[in-house]
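Below is one structure, written out as structure tokens; comments come after it.
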Amino acid sequence: MSTLPMVQAPASAVAGLLCVTSDELTAWLAAHGAKPLRARQLRRWLLQAGAQTFDAMTDLPQALRRALAASFVPLETQVARHLTADDGTHKLLLRLRDGKLIECVLIQEANRRTACISTQVGCAMGCVFCASGLDGIERNLTSGEILEQLVHARHLPLWERGDRTDQRLTNIVVMGMGEPLANLDNLLEALEVAGAIDGLGIGARHITISTVGLPAKIRRLADLKKQYHLAVSLHAPDDTLRNQIVPTNDKTGLAAILEAAEYFFEKTGRQVTFEYVLLGGVNDAADHARALAGLLQGRKAHVNLIPFNDVAGLAYRRPSPQALADFQATLRRHGVSVKVRKRKGAQIDAACGQLRRAVVAS
Ligand code: SAH
């Protein structure tokens, strides 16, 4: 594992180009006598070529490059800390323009490069085992801040080693800090750009949105009829236990979440994944597995089991290997499709919100 020192540069005073609206950019270009098509050209430089300065944008007139540099920065988020694990997982702590910190992760596998991105600073959902919500929520991320995480993840190798090979991202998982469906408009705006051919070219089928389970928002997402993959964090097979683990369940209840997931499947044809974090001695008993199988009986669903990742200051523990194997076997016996999530970047606190907490606390 390697750690780069904390970068102390102050947050940028001016806006990043991906963080201004397209109307604002169009107006700026017109006011500076530049053609409207420059907007697309700029976006390609930032998203696809990984340009870090306006000067690097060699097919733009010099006067325009100078004017851009006087009004904007290419990216307004800065890498405050960068950790690399032996398995090729990179974790970035990004400093936003207002000084707040967020995390994003790049997971590299044989034929996949997946960015795990955040949608909020902190989280309001308060799941008892999760580091992201321990200090509550500060604010939503803008669509530009969401997009910039993808730019950092994609161009990291290029910026670090001058490696010119195109390292496209193949997948996005919206599983970082925050509740994506509580910031849906900004997320969708960012994902539209990510999906565009002249953006990052990552289609909806390669994008997973993970939610605590907000039924009205799941329905809204379903009505868009996009091919996003939806993952719903269940963590318990009944309301009594789920109320203890996922406080927002008090207001929603499991039944409404499962109905909304069904609706999502009907509208999009995409099977929903249910995530289940296994907390040793809390929700990992054979009875829980049987109840979960009963709950999902007859539904087109897949279960991802996630052994708890330790969080400093929390007393929860991982399930024993035996409990994990038994839980999985019970679900299988009842005909439920199930996998255990592979652990990536364990060395670098890859569970969401952990690195930020460690830095904020230090
Ligand atoms: N708010 C979204 C995204 C959260 S992060 C949601 O609730 O789905 C993605 C997944 O990681 C969620 O299932 C979340 O419950 C899980 N997670 C959070 N902290 C964890 C930890 N310490 N160990 C294991 N999984 C964790």
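Note that ligands are numbered from 1 as they come in the structure, with each ligand's atoms numbered from 1 the same way. When a residue number appears, it is its place in the shown sequence, counting from 1.
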- request: Please verify whether a non-hydrogen atom of E179 lies at under 4.0 Å from ligand 1.
  value: yes
- prompt: At the 4.0 Å heavy-atom cut-off, does H235 count as touching ligand 1?
  reply: yes
task: State whether the side chain of E76 and the backbone N or O of A15 hold a donor-acceptor pair below 3.5 Å, judged by distance alone.
output: no
- request: Look at R97 together with E145 and state whether they make a salt bridge at an N to O cut-off of under 4.0 Å.
  value: no
- prompt: For atom 4 (C) of ligand 1, which candidate among C123, G176, C130 holds the nearest heavy atom?
  reply: G176
Within ligand 1, which atoms have a heavy atom of [X] less than 4.0 Å away?
X	result
I306	24 (C), 25 (N)
V311	22 (N)
F308	21 (C), 22 (N), 23 (N), 24 (C)
V212	6 (C), 7 (O), 8 (O)
F129	15 (O), 17 (N), 18 (C), 19 (N), 20 (C), 22 (N), 26 (C)
G178	1 (N), 2 (C), 3 (C)
S233	6 (C), 7 (O), 8 (O), 12 (C), 13 (O)

message: Would you say CZ of R139 has more than 12 non-hydrogen atoms from neighbouring residues, nucleotides or ligands within 6.0 angstrom?
response: yes
- prompt: If you measure from each non-hydrogen atom of T211 to ligand 1, which part falls under 4.0 Å: side chain, backbone, both or neither?
  reply: backbone
- prompt: Does E275 approach ligand 1 within less than 4.0 angstrom via side chain, backbone, both or neither, non-hydrogen atoms only?
  reply: side chain
- prompt: Taking atom CD of E259 and atom CG of L254, what is their separation to the nearest 0.5 Å?
  reply: 11.0 Å
field: Stepwise salt bridge (charged side-chain N to carboxylate O under 4.0 Å, His left out) check, D223 with R220
entry: CA-CA 5 Å; D223 287 336; R220 214 193 112 199; over 6 Å; no
task: Ignoring angles and geometry beyond distance, decide whether V174 reaches within less than 3.5 Å of ligand 1 through its nitrogen or oxygen atoms.
output: no
Donor + acceptor pair across side chains of T89, D87 (<3.5 Å): yes
Test side chain to side chain donor-acceptor pair (under 3.5 Å) applied to R44 and Q41, step by step: CA-CA 5 Å; R44 275 205 302 265; Q41 220 172 340; over 6 Å; no
- request: Would you please indicate yes or no on a ring centroid separation below 6.0 angstrom for F129 and H235?
  value: yes
Criterion side chain to side chain donor-acceptor pair (under 3.5 Å) on Q227 and T268, from CA distance to verdict: CA-CA 6 Å; Q227 288 293 293; T268 65; 5.3 Å; no
